[in-house]
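Here is the structure we will look at.
Side-chain atoms are counted along with the backbone in the values below, which use heavy atoms only and exclude waters and symmetry mates.
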Protein chains: 2
Amino acid sequence: MVESIVGCKWSLHVLARIRQGIHRPGALRRSTRGLTTKVLNERLNKFLRFGIVERRVFAQVPPRVEYHFTAFGRKFIRLLDEIEKLQRDVRRG
Amino acid sequence: MVESIVGCKWSLHVLARIRQGIHRPGALRRSTRGLTTKVLNERLNKFLRFGIVERRVFAQVPPRVEYHFTAFGRKFIRLLDEIEKLQRDVRRG
DNA sequence: CAGTATCCAGACCGATACTG
DNA sequence: CAGTATCGGTCTGGATACTG
């Protein structure tokens, strides 16, 4: 599962954006240079399937959808943070 | 870095084998069905570059090389463990 | 605006042969 | 035994067009 999530170069970017409070697909796409709708949707679907994010649909026109972290998702990215921190410590010596 | 390590389907297998006490390239290759020397060496080099494992060379004929976790490597795989555990908990409900 | 379908270049990875 | 080089098929993901 980790492999499946992190195995795409865009996953971490998208997770970072969601964490920054960007929840809508359109905004996510615009905020990440080079990210296409296809890849974004692939990632979002994967995150959904693994229970990392949940999908909120608003009955509006035009349609409005938001993706938010689940409790699991928050714990998950926190662990990724720890790996990052660990690595920074190592590089410092 | 996480992406680069986990982004290959073999990485986690190789890390698991090393943890099981299999340290020599030949043994690693034989212990993991479908793993070729090329891919194994790519992974080992990446682990080396990121400081996850260290390379120990013995002055012998035939040549003997062993790969062992560094302190960082051990912490790293421990965090991967936690992600795995987290995921198991989620699946249970 | 959200999401899907298609097409295609390029990366990856497995098989194999080879060097030290 | 450890490690590198090469070649070729597969699969990913980027561009684009399209539907609801």
Side-chain angles (χ1 to χ4, degrees), chain A residues 1-18 20-70 73, chain B residues 1-18 20-70 73:
Chain A
M1 169 267 193
V2 177
E3 175 198 322
S4 172
I5 290 298
V6 187
C8 168
K9 69 174 174 179
W10 291 110
S11 296
L12 299 180
H13 289 92
V14 174
L15 292 176
R17 293 291 172 281
I18 295 179
Q20 284 166 17
I22 305 178
H23 299 289
R24 302 184 58 180
L28 284 169
R29 198 162 26 72
R30 282 188 300 275
S31 71
T32 312
R33 263 193 74 83
L35 178 63
T36 59
T37 64
K38 183 197 169 197
V39 174
L40 173 61
N41 279 310
E42 280 172 6
R43 297 294 98 199
L44 290 175
N45 285 327
K46 234 167 223 214
F47 296 161
L48 278 173
R49 216 169 322 126
F50 285 119
I52 291 176
V53 299
E54 61 180 6
R55 189 170 182 272
R56 299 184 190 165
V57 187
F58 298 81
Q60 297 184 359
V61 175
R64 175 192 181 98
V65 174
E66 291 186 359
Y67 291 88
H68 291 262
F69 284 124
T70 61
Chain B
M1 169 266 194
V2 176
E3 175 198 325
S4 172
I5 290 297
V6 187
C8 168
K9 68 174 175 178
W10 292 111
S11 295
L12 298 180
H13 289 92
V14 175
L15 292 175
R17 292 290 174 280
I18 295 178
Q20 286 167 16
I22 304 177
H23 299 289
R24 302 182 59 179
L28 284 168
R29 198 165 25 74
R30 284 189 299 276
S31 71
T32 312
R33 264 192 73 85
L35 178 63
T36 60
T37 65
K38 183 197 168 196
V39 174
L40 173 61
N41 279 310
E42 280 173 5
R43 294 340 298 166
L44 289 176
N45 285 327
K46 233 165 224 215
F47 297 162
L48 277 174
R49 218 170 319 130
F50 285 120
I52 291 176
V53 299
E54 61 180 8
R55 190 170 180 270
R56 299 184 190 166
V57 187
F58 299 81
Q60 298 183 0
V61 175
R64 176 193 180 98
V65 175
E66 291 187 0
Y67 291 88
H68 290 263
F69 284 124
T70 61

List the residues meeting salt bridge (charged side-chain N to carboxylate O under 4.0 Å, His left out) with A:E3, not counting sequence neighbours, and say none if there are none.
none
Expressed in angstrom and rounded to an integer, what is the separation of B:L40 atom CG from C:dT16 atom P?
18 Å
Starting from the C-alpha separation in whole Å, work towards a yes-or-no answer on side-chain contact (heavy atoms from CB on, under 4.5 Å) for B:Y67 and B:R55.
CA-CA 5 Å; B:Y67 291 88; B:R55 190 170 180 270; 3.3 Å; yes
Residues two or more places apart in sequence or in another chain: which of them pass side chain to side chain donor-acceptor pair (under 3.5 Å) with B:T36?
none
Strictly under 3.5 Å: I want the nitrogen or oxygen pairs between protein and nucleotides 1-3 of chain D, one per line.
unit_1, atom_1, unit_2, atom_2, d
D:dA2, OP1, B:R24, NE, 3.4
D:dA2, OP2, B:G26, N, 2.8
D:dG3, OP1, B:R55, NE, 2.7
D:dG3, OP1, B:R55, NH2, 2.2
D:dG3, OP1, B:Y67, OH, 3.1
D:dG3, OP2, B:Y67, OH, 3.0

What is the distance from atom CG of A:L44 to atom CD1 of A:I52, rounded to the nearest 0.5 Å?
11.0 Å
For DNA chain D, determine which residues of residues 11-18 of chain A have any heavy atom closer than 4.0 angstrom to one of its atoms, and list them numerically.
none
With sequence neighbours excluded, what pairs up with B:R29 under the side-chain contact (heavy atoms from CB on, under 4.5 Å) test?
B:T37, B:L40
For DNA chain D, the dot-bracket notation using Watson-Crick and G-U wobble pairs below 3.5 Å, [ ] for pseudoknot-type crossings and | for other-strand pairs, is ||||||||||||||||||||
Every protein N/O lying under 3.5 Å from an N/O of nucleotides 13-15 of chain D:
unit_1, atom_1, unit_2, atom_2, d
D:dG13, N7, A:K38, NZ, 2.7
D:dG14, OP1, A:K9, NZ, 3.1
D:dG14, OP1, A:W10, NE1, 3.3
D:dG14, OP2, A:W10, NE1, 2.5
D:dG14, O6, A:K38, NZ, 2.5

For A:R24, enumerate each residue passing the side chain to side chain donor-acceptor pair (under 3.5 Å) test, keeping only those at least two apart in sequence or located in another chain.
none
Which residue pairs pass the ring pair (Phe, Tyr, Trp, His ring centres under 6.0 Å) test with at least one member in residues 32-58 of chain A, sequence neighbours excluded?
none
Report, one line per pair, each donor and acceptor closer than 3.5 Å where one atom sits in a side chain of residues 6-13 of chain A; sequence neighbours left out.
unit_1, atom_1, unit_2, atom_2, d
A:S11, OG, A:I5, O, 2.5
A:S11, OG, A:R43, NH1, 3.0
A:H13, ND1, A:K9, O, 3.1

Determine the minimum heavy-atom distance between A:G51 and A:T70, stating which atoms define it.
O-OG1, 2.5 Å
Partner residues of B:E66 under the side chain to side chain donor-acceptor pair (under 3.5 Å) criterion, sequence neighbours left out:
B:R64, B:H68
Rounded at 0.5 Å granularity, tell me how far CZ in A:R30 sits from CG in A:L35.
12.0 Å
Mind checking side chain to side chain donor-acceptor pair (under 3.5 Å) for B:R49 and listing every partner two or more places apart, or none if nothing turns up?
none
